Asks: 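This is the structure I want to talk about, given as structure tokens.
In this text, all values refer to a predicted model and were calculated from it rather than measured experimentally.
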Amino acid sequence: MSIKANIAGIISLLVITSTIGATAWAEDNQHELVEQGKALYAEHCAACHSLSLRGSAHGNALKGSAFLEHWGPKESMELLAYTRVSMPPGSAGKLDNREHAAIVAYLIEENRKEARPETPLVTTAEQLKAIDKDTDEETWETWAAADTIDEAARTRGGFQNRKVENFRPVTDAQLRSPPAGDWLSWRRTLDSQGFSPLDEIDRENVDDLKLAWVVTMKGGSNQGTPLVHDGIMYLTHPGNVIQALDAATGDLIWEFSYDFPEAAKALGGPTRNIAIYGDKLFMSTYDAAIIAIDARTGKQVWRTQKADYKKGYTHSAGPIIGGGVVLSGINGCEWYKEGGCFITGHDPDTGEELWRTSTIALPGTPGGDTWGDLPAELRAGSDAWIAGSYDPELNLFYIGTSQAKPWVAASRGMTPAERALYTNSTLALKPDTGEIVWYFQHVPGETIDMEVGFERILIDNQDDRLLYTIGKDGILWKLDRQTGDFVSLKQTQAQTIYAEVDKVEGHVRYRDDIMNAGIGDRIEACPGIYGGHNWQASAYSPENSALIIPLHQLCSDMVGRKVDLEVGSGGYAGESRTYAMPGADGNLGRLAAFDIESLEEIWSHEQPAMFLTGALTTAGGLVFIGDLDRYFKAFDVETGEQLWQTRLGAPLHGYPITYSAKGKQYIAVPTGIGVFRAMTAVVSPDIYQPTGGEALYVFELPDR
């Protein structure tokens, strides 16, 4: 057997297919290719076939007499063709030509000394013409026991990616005013209103809704938001996976799976949203990168590393598009490190980082003295957990920041009297430069995890350009989005946190015991660390000029712990106990509507099960929302009357959407609870909460 000839043949494939842009390969590159194959094998193949290549109960041996007896008489290009169409199991197409070629080169090298002369595995360039054709090679498995059959079956999948035909690029004009049947951004429109103009499903017929199709999703915290464009759904799964499906039938077109280090995934791995623009999809990854994917084929176009995941950086929320720029925040800012927390803007065509703006006021900059004497590397927090909003007329990007970390001020060597800019703020930035045009800090010096880092909803009320947001404390804020000036606020539920809430100036002041709490002191708070309000987004209904807001009626006790003030330390450093809000009569879930002008409550619905999805409003006079008890419900936006419900397989999660495909309106909602289960299992033990159950359910009206 001539290993030189074999690897030379594989290198010829790389040249011919031009997958790495090479024009020629010298013999010296063969060792490099084998070494690359060794690393790729360890990552993608060793789990089944073992690092030694001797096989296991889950995969055949890839070294030795049995392997050579089967593959020895064949050409190495046949082996390469086989691996390309069938490996890794269930993820065929995940590796590109170069990666498959490197793995096969490694296998050949490992078998070289054991090969007999009659088992050459030699190739010629002429055979490369058939490399893209499916192989008819028969496969044989050796079963040790019943469990090996089950394990192998779970890893097999024969689906091959296809292409989205007749794709039309998404324009700025479409993002600004989407076609009625599309859902093109996190909350459909860049103003984050969560409202659809579709009205085929309405008050009169919503009770006729039936299941259209359902698809099982990857395991993890399922908080995603599907996008829909021209009848194609782009569905985000836990695990940094995206699928393109026919939105009318659920037929899969392509699947993209991003490779990430397992240590990079946090909080069960939510990927709350992706963005679409031009012919690309944009995703923020677990390992602190941002990537672009071809919306037609599901192939990665570019990848830009934003930060080092080994320092704790990660993403839970994705980007939006504003002013032709990919705009996104980052998470993992609770750890003490150089670099702090920030927002970035990227070029959609190349991935080039255009700007980076710190969300922490640094020493020597305006607001830098609001962190006391802490050096820059010990200023933590101010993450962006939720995607922002964009006003194309003002050309401003709005995003919320979370609290300072660790949670309790005493743990971070501060007091609540030190404001810690720009934490717990609304920031308005120029999308082309990242310049902060204005900021409004909702809770200065936050000290009990009462962040206000959620959705920013943009609404025009006559001549007023307004921004609405609500935090864990249940306070609904109304700001002038052009200037950042405070307009008004509303306490949407009872609270015990603040001794004073100034409705004229827009200031809040903690109780004295909260202000003076030290390390180890217990702090009681209603609402508690889960809210109030949380990531389950509100929605706007133009029909009655109301914001429909999901609320949790929960309280918590908080204790701050000692933290070493040194790089590498940090974290949340808080212990908590959550319980039902007194006076709520066991009703932990609340959905309430508030008038956008007066901020007065219009109606409210309370129930034992917490609402765990965002709200969705439609021109059919409906608001859709899902809860912990596996119910998907529709309410009348005018009255709050419940009009419909259906029970699904798992607690509902993420963000429901509505869209049209082939002339028909559909409603879609994800299921599969995430890290909230650590709390809900304690506060709602009487509600059955199955683990798993990640899926997307899609509903339609019967054909008439």
Side-chain angles (χ1 to χ4, degrees), residues 170-198 225 227-229 272-277 317-329 384 386-400 426-431 437-438 440 452-470 476-484 487 535-549 593-597 599 614-619 623 637 655-659:
V170 175
T171 65
D172 286 293
Q174 287 177 315
L175 288 178
R176 188 170 183 167
S177 181
D182 280 7
W183 194 281
L184 294 182
S185 196
W186 171 54
R187 300 295 287 152
R188 185 177 179 273
T189 46
L190 295 173
D191 53 24
S192 297
Q193 291 185 4
F195 169 78
S196 169
L198 295 177
T225 311
L227 299 183
V228 178
H229 174 51
R272 294 191 173 112
N273 69 287
I274 56 175
I276 186 169
Y277 183 53
I320 69 163
I321 307 298
V325 178
V326 184
L327 306 165
S328 63
I386 299 293
S389 306
Y390 174 67
D391 183 334
E393 292 185 0
L394 296 177
N395 194 30
L396 289 178
F397 168 55
Y398 306 92
I399 194 166
T426 296
L427 303 181
L429 300 90
K430 291 184 177 180
V437 176
W438 60 257
F440 182 91
V452 193
F454 307 117
E455 68 274 13
R456 265 60 185 167
I457 301 177
L458 314 182
I459 302 173
D460 292 340
N461 184 21
Q462 298 179 9
D463 294 331
D464 296 328
R465 296 177 173 179
L466 303 169
L467 179 148
Y468 296 80
T469 192
I470 180 172
L476 174 61
W477 298 85
K478 179 161 67 168
L479 306 178
D480 183 315
R481 73 172 183 268
Q482 186 166 3
T483 64
V487 178
W535 56 261
Q536 295 86 4
S538 311
Y540 174 58
S541 171
E543 178 176 329
N544 60 340
S545 298
L547 280 173
I548 318 296
I549 305 176
F594 295 87
D595 180 87
I596 63 165
E597 177 66 32
L599 298 188
L616 161 66
T617 52
T618 75
V623 54
V637 295
Y655 302 92
I657 70 166
T658 186
Y659 61 90

Asks: Looking at Tyr655, Phe454, Trp535, Tyr390, which hits ring pair (Phe, Tyr, Trp, His ring centres under 6.0 Å) with Trp186?
Replies: Tyr655

Asks: Hydrogens and angles aside, do Ser545 and Glu597 bring a side-chain donor and acceptor to less than 3.5 Å of each other?
Replies: no

Asks: Looking at every heavy atom in both Phe594 and Ile549, which two are closest together, and how far apart are they?
Replies: CD1-CD1, 3.8 Å

Asks: Out of curiosity, Arg188 CZ to Thr658 OG1, how far, rounded to the nearest 0.5 Å?
Replies: 9.5 Å

Asks: How long is the straight-line distance from CG of Asp182 back to OG1 of Thr189, given to the nearest 0.5 Å?
Replies: 12.5 Å

Asks: Taking all atoms of both residues into account, what is the closest heavy-atom pair of Thr617 and Tyr540, and its distance?
Replies: OG1-O, 2.6 Å

Asks: Mind listing the closest non-hydrogen atom pair of Ile320 and Gly388 along with its distance?
Replies: CD1-O, 3.4 Å

Asks: Is the backbone N or O of Ser196 less than 3.5 Å from a side-chain atom of Thr618, with the two atoms forming a donor-acceptor pair by type?
Replies: no

Asks: Calculate, to the nearest 0.5 Å, the distance between atoms CZ and CH2 belonging to Phe440 and Trp477 respectively.
Replies: 4.5 Å

Asks: Tell me if a side-chain donor or acceptor on Asp191 pairs with a main-chain N or O of Gln193 at a distance below 3.5 Å.
Replies: yes

Asks: Check the pair Leu599, Tyr468 against side-chain contact (heavy atoms from CB on, under 4.5 Å), reporting the backbone distance first and the verdict last.
Replies: CA-CA 10 Å; Leu599 298 188; Tyr468 296 80; 3.9 Å; yes

Asks: Spell out, as yes or no, whether a donor-acceptor pair under 3.5 Å connects the side chain of Thr469 to the backbone of Glu455.
Replies: yes

Asks: Is there a donor-acceptor pair under 3.5 Å between the side chain of Ser389 and the backbone N or O of Arg456?
Replies: yes

Asks: Check the pair Arg176, Glu393 against side-chain contact (heavy atoms from CB on, under 4.5 Å), reporting the backbone distance first and the verdict last.
Replies: CA-CA 10 Å; Arg176 188 170 183 167; Glu393 292 185 0; 3.2 Å; yes

Asks: Taking Ile596's backbone N and O only, do any of them form a donor-acceptor pair with Lys478's side chain (distance below 3.5 Å, no angle check)?
Replies: yes

Asks: Between Tyr277 and Val326, does a side-chain contact (heavy atoms from CB on, under 4.5 Å) hold up when you go through it step by step?
Replies: CA-CA 9 Å; Tyr277 183 53; Val326 184; 6.0 Å; no

Asks: Is a side-chain N or O of Ser541 found less than 3.5 angstrom from the main chain of Ala546, in a donor-acceptor match?
Replies: no

Asks: Which distance, rounded to the nearest 0.5 Å, do you find between the CG of Leu616 and the CD1 of Ile548?
Replies: 11.0 Å

Asks: How far does CG of Leu467 sit from CD1 of Ile457, to the nearest 0.5 angstrom?
Replies: 8.5 Å

Asks: Closest approach of Ile276 and Leu175, non-hydrogen atoms and distance?
Replies: O-CD2, 3.8 Å

Asks: Of all heavy-atom pairs between Arg187 and Ser192, which one has the smallest distance, and what is that distance?
Replies: CB-CA, 3.4 Å

Asks: Could you tell me the separation between the NE2 atom of His229 and the OH atom of Tyr659, rounded to the nearest 0.5 Å?
Replies: 15.0 Å

Asks: Quick check: closest heavy atoms across Pro319 and Asn273, and the distance to 0.1 Å?
Replies: O-ND2, 2.9 Å

Asks: Between Arg481 and Asp391, does any NZ, NE, NH1 or NH2 come within less than 4.0 Å of an OD or OE carboxylate oxygen?
Replies: yes

Asks: Is there a side-chain contact (heavy atoms from CB on, under 4.5 Å) between Leu327 and Ile399 once you walk through the steps?
Replies: CA-CA 10 Å; Leu327 306 165; Ile399 194 166; over 6 Å; no

